[in-house]
There are 2 protein chains.
Amino acid sequence: MPPTAFEPHDHSSCVSDGVAAVERHCAEHKLQFTKVRRRVLEILLNQHKAWGAYEILDKLREEGLGSQPPVAYRALDFLVSHGFAHRIERLNAFIACTHFDTHHAPAFLICRSCNRVVEAESDPRAGELGRAAQSAGFVIERTVREAEGLCPACVGRASA
Amino acid sequence: MPPTAFEPHDHSSCVSDGVAAVERHCAEHKLQFTKVRRRVLEILLNQHKAWGAYEILDKLREEGLGSQPPVAYRALDFLVSHGFAHRIERLNAFIACTHFDTHHAPAFLICRSCNRVVEAESDPRAGELGRAAQSAGFVIERTVREAEGLCPACVGRASA
DNA sequence: CACAGATCGTTATATAATTACAGGAGACGT
DNA sequence: ACGTCTCCTGTAATTATATAACGATCTGTG
């Protein structure tokens, strides 16, 4: 499953499918998918970039959905805690989850030029972190794996 | 090379060896290892935990070495940019480098209970990130790999 | 309806980081 | 020694990110 967001794709389905999947999941698990939460998810899905909480808040404010930081942070907390979105530590920003079904430990590729971010599936026990943890007797609960660099399009542009 | 900071060790040598190594490196590369920079490195080396910039600033202030945020941030920038310290994105905090010689892409194990942080050596091209990057044609420039969980001592304490 | 728990609106505050600019100390060529 | 260049320092102000606290309102359920 190669990352797709760096490639042209039918983006409108990213939004509609994402919202639909979360809607379904919330219905099944009796979670309240409220207006603000839905709107924040839509905003996140709207571009494959990481959104700062205050960028989202600005949008909400324009639309009359809330004007104070806790409004945005609460919606983001909800989305993140249920796996509908992820926090990108490197950017202090948030992105919609694109591997929603699988129970995952995500890894991210962040293009510093066009700011697009792609989520890759990963196994938390694999790789350096897992190996180091095992040899140290460390129990991993959560991992942060983020790579910053240039996406294929921007590499081409730079070397051209 | 198993991580050592989770185990008992002669900690005074962590500080003195660390400072000496950086001192040598600065001399060789004509870098100015000024009073503030040295002191910040000592503070970082003093405990195997991640220090917030403002914690460091408080210490500097007590000692009359500076009172405004840029003093701490500038010293930290120097240390990080030359590989003498690392930033832990997950904690918005900084830690002294313990694998100083090797040109590295560090990974970290963060104990959420005792707050100790251990640096593990790693190969940026290995693991999930490298694989994902390669298949996407993404060029990695920098990676963030941080695992949060419980160190051996705290696991024992919790299950006891 | 009445209740409990979740969610929301708002004010205030905490924490983290940067910008901007003036001054100082050392390196270096002349 | 003199200017001058560069890097480093001191400080004020501001921006960015995130949380605390609290009362009001909504939602599902008996």
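In what follows, chains carry the letters A, B, and so on, assigned in the order in which the sequence lines appear, proteins first and then strands, with residues in each chain numbered from 1.
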Identify each donor-acceptor pair in which a side-chain atom of residues 28-42 of chain B lies under 3.5 Å from a protein atom, sequence neighbours left out, and give them as a table.
from  : atom 1 : to    : atom 2 : distance (Å)
B:H29 : ND1    : B:H25 : O      : 2.9
B:R37 : NH1    : B:Q32 : O      : 2.7
B:R38 : NH2    : B:E23 : OE2    : 2.1
B:R39 : NE     : B:E63 : OE1    : 2.8
B:R39 : NE     : B:E63 : OE2    : 3.2
B:R39 : NH1    : B:E42 : OE1    : 3.0
B:R39 : NH2    : B:E63 : OE2    : 2.9

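Each of B:L31 and B:V71 was matched to the nucleotide of DNA chain D holding its nearest heavy atom; the match closer to the 5' end belongs to B:L31.
Using a 30° and 60° split on the angle between ring planes, B:Y73 and B:Y54 fall in the perpendicular class, above 60°.
Annotation: salt bridge (charged side-chain N to carboxylate O under 4.0 Å, His left out) contacts involving residues 72-89 of chain B, sequence neighbours excluded, comprise A:R90-B:E89, B:R87-B:E89, B:E89-B:R142. Residue pairs meeting the side-chain hydrogen bond (donor to acceptor under 3.5 Å, both in side chains) criterion with at least one partner in residues 105-117 of chain B, sequence neighbours excluded, are A:E141-B:R112.
In this structure, the CZ atom of B:R61 is 17 Å from the P atom of D:dT9, given to the nearest Å. Computed from coordinates, the B:I56 CD1 to C:dA16 C1' distance equals 13 Å when rounded to whole Å. Atom pair B:D58:CG and C:dA16:P shows a separation of 11 Å (rounding to whole Å applied). One atom, NZ of B:K35, and another, P of C:dA25, lie 12 Å apart when rounded to the nearest Å. Counting to the nearest Å, the C1' atom of D:dC8 and the CG atom of B:L65 are 14 Å from each other. Summarising the geometry, the separation between CD on A:E63 and C1' on C:dG9 is reported as 17 Å, rounded to the nearest angstrom. Rounded to whole Å, the distance from CD on B:Q68 to P on C:dA17 is 16 Å. When rounded to the nearest whole Å, the span between NE2 of A:H82 and C1' of C:dT7 equals 13 Å.
For the helix from C:dC1-D:dG30 to C:dT30-D:dA1, the terminal axes (five pairs an end, C1' atoms, rotation from four pairs onto the next four) enclose an angle of 30°, given to 10 degrees.
In this structure, B:S67 does not reach the D:dG10 phosphate: none of its side-chain N or O atoms is under 4.0 Å from OP1 or OP2.
Contact annotation: the side chain of A:F108 approaches that of A:I95 to within less than 4.5 Å [non-hydrogen atoms, C-beta and beyond].
Under the ring pair (Phe, Tyr, Trp, His ring centres under 6.0 Å) criterion, B:F94 pairs with no residue, sequence neighbours left out.
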Heavy-atom contacts, protein to nucleotides 16-30 of chain D, under 4.0 Å, summarised as B (base), S (sugar-phosphate only) or - (none) per nt, yield -BBBBB-------S-
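Here OG of A:S12 is found 8.5 Å from CG of A:D17. Values are rounded to the nearest 0.5 Å.
Applying side-chain contact (heavy atoms from CB on, under 4.5 Å) to B:I88 and the options B:E148, B:E146, B:K49 leaves one that passes, B:E146.
Taking the six-membered ring for Trp, A:H9 and A:H48 have ring centres closer than 6.0 Å.
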